[in-house]
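Report on the following structure.
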Amino acid sequence: MNSGQVPFLDLVTVHRELREELRAVFEAALDTAGFIGGPMVRDFERDFAELCESRFCVGMASGTDAVRLSLAAAGVRPGDTVVTVPFTFFATTEAISQVGARFDFVDIDARTYTMDPEKLRTYLETQCTRDARTGRAVSKRTGSPVTAVIPVHLYGQVADMDPILELAARYDLIVIEDACQAQGAEYFSTRESRWRKAGSMGRAAAFSFYPGKNLGACGEAGAVTTDDEAVARGCSMLRDHGQSQKYMHDIEGYNGRLDAIQAGLLRVKLRHLAKWNDQRRELARGYDELLSEAGVTIVLPHVPSWSRPIFHLYVVRVADRDRLQKDLGAAGIGTGIHYPIPLHLVKAYAGEGFRAGDFPLSERAAEQVLSLPMFPGLTPEQQQRVAACVLESTRATGRLVSVTAAGGSRS
Ligand SMILES: Cc1ncc(COP(=O)(O)O)c(C=O)c1O
């Protein structure tokens, strides 16, 4: 690679550094033919549950399976409505649809990009009626009972969980955390006066170990964490053809198991996660400092006092995002857009009846966000170069970013 170039993500160097340890996993699997299940999966599940401070972890084939199967195991039924945000990866709503449920959206907080609890409250109070018999909220849009909520811990920052959990308790909603981007992130719960780990607060949580995640496999992988034994058991059965024991198919399930080799590789990498997350936080501080002189032409990531994010992504916001991305591209700097189209406006949901303007904060974010290079191993020189190019491009544009301030979350 040309020394001036800065990749968005470098997944080669990290694996080169761990090559011997990772090779030993392959060799152990080959020597024992332990490809499915077995100690590699169990050991990883134990260690990952410990990291998340949750009682159980059930390895899954992907984060998408983790969302889908945790919804089902926690009791979401076909025909239910599940509420989430439109500013997330498509898998969140795919998983809802694939359990036969409908989705509704509430908008995000303009600064954290995660679910705005006030919007959730407004949704439950004004977009739903109460079923006189069950007491449940019923969505006016879908006509079906709202039984679950999925806050998404976007970019490695936990959503404002206290008020979400409070509303969920009041409306009898199952909370499934989409923690796919948040391995190791923390949230200060004022209710409990303590820091909580992503994945330990909902009825269950879904994690993805897609290679680019902070903890990434060398292929597809995911996991569910939960404190609820019945949910853990349900997930274990659903991922394995509904089996309670070999060939005892108590229910119909799926083939959604975590591959043993991936579990072994993840366990090696898990030992480095705390260090890598610290490095990402350090890099985020570096960007904050380098970019601070841009003032109001760049919006930097907002970290509320209750959040210890892990910067899966470092996302800035500018008025002319496409120009900035083009300028950085021309300078050999890789960037990403997470995500360019809020889900209520994607083609797949054209039949749902949503319109532009329905979730304005998500729409505005989708137009303005740009993810800068962020990975452990990004050098200070590379980071300085990225920052200098960002400053040069935004200075040339000189446009102020207008972010509609949204109230709601504590900050
Ligand atoms: C927020 C979110 N949810 C769900 C997923 C799905 O995870 P996977 O790609 O492992 O299926 C992802 C992965 O990118 C994600 O970022």
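Each ligand, and each atom within it, is numbered from 1 in the order the structure gives.
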**Request:** Using the six-membered ring wherever Trp is involved, compare the ring planes of Phe354 and Phe103 and label them parallel, tilted or perpendicular (cut-offs 30° and 60°).
**Result:** parallel

Report all N/O contacts between ligand 1 and the protein shorter than 3.5 Å as a table of atom names and distances to 0.1 Å; if there are none, say 'none'.
unit_1: ligand 1; atom_1: 3 (N); unit_2: Asp178; atom_2: OD1; d: 3.3
unit_1: ligand 1; atom_1: 3 (N); unit_2: Asp178; atom_2: OD2; d: 2.8
unit_1: ligand 1; atom_1: 7 (O); unit_2: Ser208; atom_2: OG; d: 3.4
unit_1: ligand 1; atom_1: 10 (O); unit_2: Gly63; atom_2: N; d: 2.8
unit_1: ligand 1; atom_1: 10 (O); unit_2: Ser208; atom_2: OG; d: 2.7
unit_1: ligand 1; atom_1: 11 (O); unit_2: Gly63; atom_2: N; d: 3.3
unit_1: ligand 1; atom_1: 11 (O); unit_2: Thr64; atom_2: N; d: 2.8
unit_1: ligand 1; atom_1: 11 (O); unit_2: Thr64; atom_2: OG1; d: 2.5
unit_1: ligand 1; atom_1: 14 (O); unit_2: Lys213; atom_2: NZ; d: 2.7
unit_1: ligand 1; atom_1: 16 (O); unit_2: Gln181; atom_2: NE2; d: 2.9

**Non-neighbouring partners of Tyr314 that pass ring-ring contact (aromatic ring centres under 6.0 Å, His included), sequence neighbours left out** = Tyr287

**Check: Thr81/Thr142 side-chain N/O donor and acceptor closer than 3.5 Å** = yes

**Asked** Which one of Trp306, Tyr187, Phe188 satisfies the side chain to side chain contact (heavy atoms under 4.5 Å, CB included) criterion with Asp162?
**Response** Tyr187

**Message:** Using 0.5 Å steps for rounding, measure from the OG1 atom of Thr92 to the CG atom of Leu343.
**Reply:** 7.0 Å

**Request:** Please state whether the rings of Phe89 and Tyr339 are parallel, tilted or perpendicular, taking 30° and 60° as the class boundaries.
**Result:** tilted

